[in-house]
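Okay, so here's the structure we're looking at.
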Amino acid sequence: MEPVLTVEDLSVRISGLHILQGVSFTVAPTGVTVLLGRNGVGKTTTLRAIVGLTPPAGEVRGTIRMGAQSLLARPTHRLVRGGLGYVPEDRCVFAGLTVAENLRLAERRGTIPAYDKVFALFPELDRRGRQRAGSLSGGQQQMLAIGRVLLNDNRLLLVDEPTKGLAPKVVTEVAEVLERVAESVPVLLVEQNLAVVRRLARDAVVLAAGRVAWTGDARELLLETALTKSLLGVGSAEVSSPSARSELASPAVARKDRH
């Protein structure tokens, strides 16, 4: 199948720093592709370049295509209207507005917003419609950030660090939602929690020093302790322990692991 997203020789300079240096990868039209790497290697910069949010003084070169359509030099609002959904790092909700107002702002003109789907995934948002977003917990704000994107039909979702700073129970809830979402729309995910990666991701792209250091099957990567250690600075033991499996592994993955 043709990839939903193709990135070729992507180079990004910001304030004189050459952050991305010829990054190339593809995102499959189904499932979750995870973008991994140590802190500061350019994962968030990659997502922001795809969605057109590189700072005005930055320089972006290379090729970014969603299907056959070039994304470079197109304004962000047009990319979003074209079906590119983006959930930024640190949520970025409008703190002074209510939950309902945050959601209303995300509605795309000329479409019917999928409130039923969003409230089925996140009932808390329905109950807290009149509450100001700034008074929500971190987990509730993350639900709102994801919910805003899911109001609309998307061809691809970019999701940046969705479990960052969340309590374990909320991490599980967010992982469950993303797993359900990925059944109908492909996801390019940046995530540091390897247990979540193990549960969700089929394909992996690893960045190191602004370049692609590895691509392949995500679960194969996590099974290779030495490789995971060299690329990510952590061992695979934390995602193969009984507690991690019982809390975050999906039933299908758990059955596979027992054989």
Gln140: which of Glu124, Gln131, Arg91 passes side chain to side chain donor-acceptor pair (under 3.5 Å): Glu124
Check: Leu36 and Val197 side chains under 4.5 Å, non-hydrogen atoms: yes
Measuring only between side-chain heavy atoms, which start at C-beta, is Asn39 closer than 4.5 Å to Gln192? yes
If we only count heavy atoms from C-beta on, is the Pro3 to Val27 side-chain gap below 4.5 Å? no
Indicate, with yes or no, if Leu35 and Leu227 share a hydrophobic cluster defined by side-chain heavy-atom contacts under 4.5 Å among Ile, Leu, Val, Met, Phe, Trp and Tyr. no
Under the salt bridge (charged side-chain N to carboxylate O under 4.0 Å, His left out) rule, what do Arg180 and Glu183 come out as? Steps first, then yes or no, please. CA-CA 5 Å; Arg180 293 170 63 184; Glu183 293 174 358; over 6 Å; no
Evaluate the side-chain proximity of Leu103 to Phe119: yes if any heavy-atom separation is below 4.5 Å, no if none is. yes
Please say yes or no: joined through hydrophobic side-chain contacts below 4.5 Å, possibly via intermediate residues, are Phe25 and Leu189 part of one cluster? no
So, Thr76 side chain and Gly52 main chain: donor-acceptor pair closer than 3.5 Å or not? yes
Quick one, Glu224 with Thr228, criterion side-chain hydrogen bond (donor to acceptor under 3.5 Å, both in side chains). Give me CA distance, side-chain angles, the key distance, then yes/no. CA-CA 6 Å; Glu224 295 290 339; Thr228 306; over 6 Å; no
Short N-O contact, Arg104 and Glu107, less than 4.0 angstrom: no
If only side-chain N and O atoms count, and only distance matters, is there a donor-acceptor pair under 3.5 Å linking Thr44 with Asp160? yes
Is it true that the side chains of Thr163 and Glu191 contain a donor and an acceptor less than 3.5 Å apart? yes
Between Ser24 (side chain) and Asp9 (backbone), is there a donor-acceptor pair under 3.5 Å? yes
Assess the residue pair Lys164 and Asp90 against the criterion (salt bridge (charged side-chain N to carboxylate O under 4.0 Å, His left out)); give the C-alpha distance rounded to whole Å, side-chain angles, the decisive distance to 0.1 Å, and a yes or no. CA-CA 8 Å; Lys164 178 181 176 182; Asp90 298 327; 3.4 Å; yes
Kindly indicate whether the side chain of Leu84, heavy atoms from C-beta on, has any atom under 4.5 Å from the side chain of Asn154. no
Do Val12 and Thr54 have side chains that approach each other closer than 4.5 Å (heavy atoms only, starting at C-beta)? yes
Test item: Leu158 and Val51 side chains (from C-beta on) under 4.5 Å apart, heavy atoms: yes
Can you check whether Val32's main-chain N or O pairs, donor with acceptor, with Arg202's side chain at less than 3.5 Å? no
Can a side-chain donor-acceptor contact be found between Thr98 and Arg128 if the only test is distance below 3.5 angstrom? no
